[in-house]
Amino acid sequence: MMQISVPLRTPTWFSRRRLLEEKLSDLHKCSNLEHVKQIHAQILKADLHQDLYVAPKLIAAFSLSRQILSAVNVFNQIPEPNVHCYNALIRAHAQNSQPSHAFAVFFEMQRCEMCPDNFTYPYLLKACIGQSWLPVIQMIHSHIEKTGLYSDIFVPNALIDSYSKCGPCGLTAALNLFTSMEEKDIVTWNSMIGGLTKAGELEKAYKLFDEMPVRDMVSWNTMLDGYTKKGDMDKAFKLFEKMPERNIISWSTMVWGYCKAGDIDMARIMFDKSPAKNIILWTTLISGYAERGLVREASTLYEQMEETRLKPDDATMISILAACAESGIMCLGEKIHASINRSRYKCSTKVSNALIDMYAKCGCLEAAFDVFNGIGKKDVVSWNAMLQGLAVHGHGKKALELFSRMIHEEFEPDKFTLVGLLCACSHAGLVEEGRKYFYSMEKVYGIVPEIEHYGCMMDLLGRGGHLKEAFALLHSMPMEPNAKILGTLLGACRMHNAADLARAVSVHLLKLEPSDVGNYSLLSNIYAQAGDWTSVADVRMQMKRHTGGQKPSGASSIELEQKVYDFTVLDRSHPRSDDIYQMIDRLAHDLKLVGYAPVVEE
DNA sequence: CTAGGGTTAG
């Protein structure tokens, strides 16, 4: 007789399990950590943690409540995990944005000759999303073709989803697969439309949307999101009006779209009209107000949100803090910091990082440092945010010290670290150090210089007056220079009165960024300094032609009595604009009297 | 399969 080894299932085992049955049925959907911990304790007591029905659910529950280590622990204690256990762990890593761990589990599975099923591949594909791992997706695709798991529509649908979010080549592959599929369900259509809208292919997306046999909420919301992400709020609104029904996602999408399009009043109307409000909807509008520097509105709304029973999560804090950092409204940032401290939940590293960035961008480096020093578990972003904060405020030496500390504490620098470091050198005039870091970064830290690093070098060399070297570097770059690089160089030309070099740069720059007022203004100042008034007049004309009606870019702002005031080049929109310019002229006059020589007179 | 999310050079 053949010997089969199965776990001993005695009557006691069944009764123990039945006792927990009810609690176990939805365990894998539970994200409440306290609840999960409680059930975990009961499972341990009943000695069911190695059971092949219970363990995968437990892994899923730990993953949902963001306890990935506990999930891994559960898995490691299973003597002979089956495919469900492996799938649960792969899914857990995918959900916790650890794609490489997900694949490590998959390879372990192959090593044990465990056969993947129609759940394994979709979970793996999920892990690929956002990673630009086209070859990996192709590898999975060929695995699937070999195993014949195509028949389950779940599998090709997952392929379409991950392919279509993986660049132009991926999108083509997704479209090919989509066309070749004989049977499609609504998820197939929705995934394809989602991929097209994410790639900005709105016309193609709408064509499919129009063709599809049945549409559900997801189809409508996907199209809506596509238009709002493109900034086409007219089309979005028309679609929104045509929707047979709307849910909270539809309303949030509209609020977000109007916020980004700068139509904060419409955003507010949508918010007020939305029949239900969740934390995402609140977060979106508060961030929208904060981004535009509307301190009072943002603060009031934040207080109102605190009065609801809705619990702000990490995304809420991060989103609003980032908006505060962008517009420089520290008072709201501080308010959020205070309510984080008041709540008994400990601040996650991501939120702390957002706090550091907010304080640093608002110019309060002490507060940024306090948060930085108080973080329990720093990550590379914490260091980068602090480093960048020190760098942009001219504390070059302190930034370099912080970098040494970072290396000493065995953190691995990434490309952002190097940007911060080079930026620190440039702002502190440490040309030699900057050169050293730039030319050794690949060898020492394994980071290949990208366009941002070249940008830092343009600034470093340009400021230091090494214009020739900067131009040589520009021509030796392995990538096409962008507007930011050329703008940096133009700024350096201005600093060192290099009108001829400026002329050469501007040809390309004005082609890349024809509607940016700052570039024209910079260029006209350079020509004015050189006394080339013909060129000045020419630049002015070009500017009028290309920027008419466009919003000027680049602004500074100050916060005064709950309102943020923006200052932009050549802006005359303020009602007391004449007074303001008169005051500037008077200040310039007074400065000249005490010996300050402005670079440019007009 | 659909909504908010931390660090990037002028």
Side-chain angles (χ1 to χ4, degrees), chain A residues 157-158 160-161 164-165 185-195 197-198 216-226 228-229 247-257 259-260 278-288 312-323 325 348-358 360-361 379-389 391-392 414-420 422-423 426-427 450-460 462-463 482-492 494-495 509 513 516 518-519 522 553-554:
Chain A
N157 282 354
I160 288 182
D161 187 34
S164 69
K165 289 173 180 161
D185 68 359
I186 199 155
V187 178
T188 322
W189 288 88
N190 286 343
S191 302
M192 197 60 246
I193 293 172
T197 58
K198 286 260 174 328
D216 65 0
M217 278 309 298
V218 179
S219 332
W220 286 91
N221 286 339
T222 305
M223 270 322 291
L224 206 59
D225 185 55
T228 57
K229 289 271 149 63
N247 65 8
I248 183 102
I249 297 184
S250 331
W251 291 95
S252 304
T253 305
M254 292 306 283
V255 171
W256 188 90
C259 283
K260 293 293 156 183
N278 64 9
I279 195 68
I280 299 182
L281 191 67
W282 283 91
T283 305
T284 307
L285 188 60
I286 296 172
S287 308
D313 56 12
D314 276 14
T316 305
M317 301 306 183
I318 292 168
S319 174
I320 305 175
L321 285 170
S348 74
T349 302
K350 281 185 182 184
V351 174
S352 302
N353 293 344
L355 277 170
I356 295 173
D357 186 50
M358 183 276 297
K361 289 231 169 73
D379 65 7
V380 64
V381 178
S382 324
W383 291 92
N384 291 352
M386 199 60 239
L387 192 70
Q388 185 72 27
V392 296
D414 64 5
K415 56 188 243 191
F416 298 99
T417 319
L418 265 295
V419 168
L422 294 173
C423 180
S426 140
H427 283 250
E450 287 180 34
I451 192 143
E452 294 88 346
H453 303 108
Y454 281 95
C456 293
M457 286 308 285
M458 295 302 150
D459 192 46
L460 180 88
R463 269 179 213 260
N482 59 16
K484 220 165 182 178
I485 293 248
L486 298 175
T488 308
L489 267 180
L490 194 63
R494 156 76 204 274
M495 225 178 282
L509 178 58
E513 217 176 43
D516 186 291
N519 296 335
L522 205 53
S553 75

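Predicted model only: the values in this text are computed from it and were never measured. Every chain is numbered from 1, with letters handed out A, B, ... down the list of sequences.
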query = Are A/Lys165 and B/dT2 close enough that a side-chain N or O sits under 4.0 Å from OP1 or OP2?
reply = yes

remark   = To the nearest angstrom, the CG-P distance between A/Leu422 and B/dG10 comes to 12 Å

request  = Sequence neighbours left out, what passes salt bridge (charged side-chain N to carboxylate O under 4.0 Å, His left out) with A/Lys415? Give chain and number order.
outcome  = A/Glu450

query = Roughly how many Å is it from CG in A/Asp225 to C1' in B/dT2, rounded to a whole number?
reply = 7 Å

ask   = Would you say the side chain of A/Thr253 and the base of B/dA3 hold a donor-acceptor pair, judged only by whether the two atoms sit under 3.5 Å apart?
value = no

request  = Round to the nearest Å and state the distance from A/Trp189 atom CH2 to B/dT2 atom P.
outcome  = 18 Å

task = May I have the distance from A/Ile160 (atom CD1) to B/dT2 (atom P), rounded to whole angstrom?
result = 13 Å

request  = Can you figure out which of B/dG4, B/dG10, B/dT8 approaches the side chain of A/Arg463 most closely?
outcome  = B/dG10

task = Scan A/Asp314 against the nucleic acid and name what it touches under 4.0 Å (heavy atoms): base, sugar-phosphate only, or nothing.
result = base

query = Between B/dA3 atom P and A/Ile249 atom CD1, what is the distance in whole Å?
reply = 7 Å

inquiry  = Going by the rule salt bridge (charged side-chain N to carboxylate O under 4.0 Å, His left out), which residues pair with A/Lys165 if we only count those two or more places apart in sequence or in a different chain?
reply    = A/Asp161

query = Side chain of A/Lys484: nearest nucleotide among B/dG10, B/dT2, B/dT7?
reply = B/dG10

Nearest-angstrom distance from the residue atom CD of A/Glu450 to C1' of B/dT8 = 9 Å

key: A/Asn190 and A/Asn157: side chain donor to acceptor below 3.5 Å   = no

query = Once you round it to whole Å, what is the distance between P of B/dA3 and CE of A/Met254?
reply = 15 Å

message = Nearest to the A/Thr283 side chain among B/dT2, B/dG4, B/dC1, which nucleotide is it?
response = B/dG4

ask   = Within the structure shown, what part of the strands sits under 4.0 Å from A/Thr316 by heavy-atom distance: base, sugar-phosphate, or nothing?
value = base

Phosphate OP1/OP2 of B/dT8: any A/Lys361 side-chain N/O under 4.0 Å = yes

CE-CD1 distance between A/Met254 and A/Ile249, expressed to the nearest 0.5 angstrom = 14.5 Å

message = Check this for me: does the side-chain of A/Asn278 come within 3.5 Å of the base of B/dA3 through a donor and an acceptor?
response = yes

ask   = Do the side-chain N and O atoms of A/Asp225 and A/Thr253 include a donor-acceptor pair separated by under 3.5 angstrom?
value = no

ask   = Do A/Asn519 side-chain and B/dG10 base share a donor-acceptor contact under 3.5 Å?
value = yes

request  = Calculate the interatomic distance between A/Ile320 atom CD1 and B/dG5 atom P; express it in whole Å.
outcome  = 11 Å

ask   = Any donor-acceptor pair under 3.5 Å joining the side chain of A/Ser252 to the base of B/dG4?
value = no

inquiry  = Any base atoms under 4.0 Å from A/Ser319, or only sugar-phosphate, or nothing? Heavy atoms, all strands.
reply    = sugar-phosphate

